Participant: 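A single structure is presented below for examination.
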Amino acid sequence: MLVVGAGPAGLLLASDLAEAGVRCTVVERREGESQLTRAFAVHARTMEQLDARGLADDLLLTSLRNPILQFLRIDLSHLPTRYPHVLVTPQYNTERLLLSRALTHWLNVRLLASVRANRGP
């Protein structure tokens with residue numbers, strides 16, 4: 001199986017597949033870890049998914065919990081979840097955690113790789 005992109009979605013998918021016994025290769029066009037962040041917040045449902053994989057507690061260590069979305073004046077502290085907050089963390093923290101999980105499943109992660117569609121004649 002080929003997974004294109006070593007962002008959070010690609011790494012999570014590939015490591016889930018590997019855990020299920022599917023051999024995967026992840027290709028990423030970047031040279032290494034990005035210092036750019038496309039996302040700065042992790043929401044409750046995502047945390048629940050990470051928790052199901054044993055990853056949530058590690059991400060909590062690198063993050064700030066914010067139970068109130070100030071700009072929207074929404075109080076999340078009453079949500080029926082173990083994670084009634086928005087977790088503020090740069091995307092690269094999430095990627096580090098997911099990459100670590102992927103490597104424990106012996107995934108092949110290739111950096112500086114790209115994929116192009118072959119549209120034929």
Side-chain angles (χ1 to χ4, degrees):
M1 176 74 61
L2 180 68
V3 175
V4 179
L11 289 170
L12 184 66
L13 172 64
S15 56
D16 279 355
L17 287 168
E19 194 170 73
V22 178
R23 294 178 65 181
C24 292
T25 296
V26 179
V27 294
E28 172 58 54
R29 68 178 169 199
R30 293 178 295 173
E31 181 177 0
E33 181 180 278
S34 175
Q35 292 303 307
L36 274 172
T37 186
R38 293 182 178 198
F40 67 90
V42 179
H43 295 274
R45 186 65 181 132
T46 302
M47 288 300 295
E48 290 167 354
Q49 291 299 311
L50 293 174
D51 190 37
R53 293 160 176 87
L55 301 172
D57 290 339
D58 290 336
L59 191 58
L60 286 169
L61 296 174
T62 66
S63 309
L64 173 68
R65 298 174 205 186
N66 189 355
I68 299 176
L69 295 175
Q70 296 293 340
F71 62 96
L72 296 175
R73 296 190 176 118
I74 298 175
D75 183 357
L76 304 173
S77 65
H78 303 293
L79 290 176
T81 176
R82 187 174 161 213
Y83 306 100
H85 50 262
V86 169
L87 199 65
V88 179
T89 188
Q91 181 172 322
Y92 53 80
N93 283 340
T94 307
E95 288 179 4
R96 282 180 195 153
L97 183 66
L98 294 170
L99 179 60
S100 176
R101 178 178 184 242
L103 294 176
T104 65
H105 292 295
W106 300 99
L107 281 176
N108 183 10
V109 179
R110 296 186 181 186
L111 302 177
L112 291 174
S114 60
V115 176
R116 291 187 303 160
N118 183 2
R119 304 212 185 270

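Predicted, not measured: the structure shown is a model, and the values here were computed from it. The chain is numbered in sequence order, starting from 1.
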Participant: Among residues at least two apart in sequence or on other chains, which ones pass side-chain hydrogen bond (donor to acceptor under 3.5 Å, both in side chains) with Thr81?
Facilitator: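 Result, side-chain hydrogen bond (donor to acceptor under 3.5 Å, both in side chains) vs Thr81: Glu48.
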
Participant: Looking at Leu107, Val109, Asp16, which hits side-chain contact (heavy atoms from CB on, under 4.5 Å) with Cys24?
Facilitator: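 The option that passes is Leu107.
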
Participant: Shared ILVMFWY cluster between Met47 and Leu79, side chains joined below 4.5 angstrom?
Facilitator: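 Cluster IDs for Met47 and Leu79 differ.
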
Participant: For Asp51, which residues count as a salt bridge (Lys or Arg N to Asp or Glu O under 4.0 Å) partner, sequence neighbours excluded?
Facilitator: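 Only Arg82 meet the salt bridge (Lys or Arg N to Asp or Glu O under 4.0 Å) criterion with Asp51.
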
Participant: Which residues pass the side-chain hydrogen bond (donor to acceptor under 3.5 Å, both in side chains) test with Gln49, not counting sequence neighbours?
Facilitator: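 Testing Gln49 for side-chain hydrogen bond (donor to acceptor under 3.5 Å, both in side chains), a comparison that skips the adjacent residues, returns Arg53.
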
Participant: Can you name the salt bridge (Lys or Arg N to Asp or Glu O under 4.0 Å) partners of Arg96, sequence neighbours left out?
Facilitator: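 If we apply the salt bridge (Lys or Arg N to Asp or Glu O under 4.0 Å) test to Arg96, skipping adjacent residues, the hits are Glu33.
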
Participant: Which residues pass the side-chain hydrogen bond (donor to acceptor under 3.5 Å, both in side chains) test with Arg30, not counting sequence neighbours?
Facilitator: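 side-chain hydrogen bond (donor to acceptor under 3.5 Å, both in side chains) list for Arg30, sorted by chain: Glu28, Glu95.
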
Participant: Quick one: side-chain hydrogen bond (donor to acceptor under 3.5 Å, both in side chains) partners of Ser15, sequence neighbours excluded?
Facilitator: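 By the side-chain hydrogen bond (donor to acceptor under 3.5 Å, both in side chains) rule, Ser15 matches Arg101.
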
Participant: Do Leu98 and Leu50 have side chains that approach each other closer than 4.5 Å (heavy atoms only, starting at C-beta)?
Facilitator: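 With C-beta onward as the side chain, the pair touches.
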
Participant: Any side-chain heavy-atom pair from His43 and Leu76 closer than 4.5 angstrom?
Facilitator: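 No, their side chains stay 4.5 Å or more apart.
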
Participant: Any heavy-atom pair between the side chains of Arg29 and Val4 that's under 4.5 Å?
Facilitator: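 The answer is no; the side chains never approach within 4.5 Å.
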
Participant: For residues Met1 and Leu13: do they belong to one hydrophobic cluster (side chain heavy atoms under 4.5 Å, members Ile, Leu, Val, Met, Phe, Trp, Tyr)?
Facilitator: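 Yes, one cluster joins them.
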
Participant: Excluding sequence neighbours, so at least two apart, what forms side chain to side chain contact (heavy atoms under 4.5 Å, CB included) with Leu97?
Facilitator: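 Here the qualifying residues are Leu55, Asp58, Leu59.
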
Participant: Verify the cluster assignment for Val42 and Leu60: are they in a single hydrophobic cluster under the rule of side-chain heavy atoms below 4.5 Å apart?
Facilitator: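 As far as the 4.5 Å side-chain criterion goes, Leu60 and Val42 are connected within one cluster.
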
Participant: Among residues at least two apart in sequence or on other chains, which ones pass salt bridge (Lys or Arg N to Asp or Glu O under 4.0 Å) with Arg110?
Facilitator: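 For Arg110, no residue satisfies salt bridge (Lys or Arg N to Asp or Glu O under 4.0 Å) once neighbours in sequence are set aside.
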
Participant: Tell me which donor-acceptor pairs under 3.5 Å the side chains of residues 112-121 have, and how far apart each pair is, sequence neighbours excluded?
Facilitator:
| unit_1 | atom_1 | unit_2 | atom_2 | d |
| --- | --- | --- | --- | --- |
| Asn118 | OD1 | Gly120 | N | 3.1 |

Participant: Tyr83 and Ala56: which non-hydrogen atoms are nearest, and at how many Å?
Facilitator: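 Looking at all heavy atoms of both residues, the closest pair is OH-CB, 3.3 Å.
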
Participant: Is there a path from Leu111 to Tyr92 through hydrophobic residues (I, L, V, M, F, W, Y) whose side chains come within less than 4.5 Å of each other?
Facilitator: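 Each belongs to a different hydrophobic cluster.
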
Participant: Just jot down the side chain to side chain contact (heavy atoms under 4.5 Å, CB included) partners of Ala9, sequence neighbours excluded, or say none.
Facilitator: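 Testing Ala9 for side chain to side chain contact (heavy atoms under 4.5 Å, CB included), a comparison that skips the adjacent residues, returns none.
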
Participant: Are Leu17 and Leu2 co-members of a hydrophobic cluster defined by side-chain heavy atoms under 4.5 Å apart?
Facilitator: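 In one cluster with Leu2: Leu17, no.
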
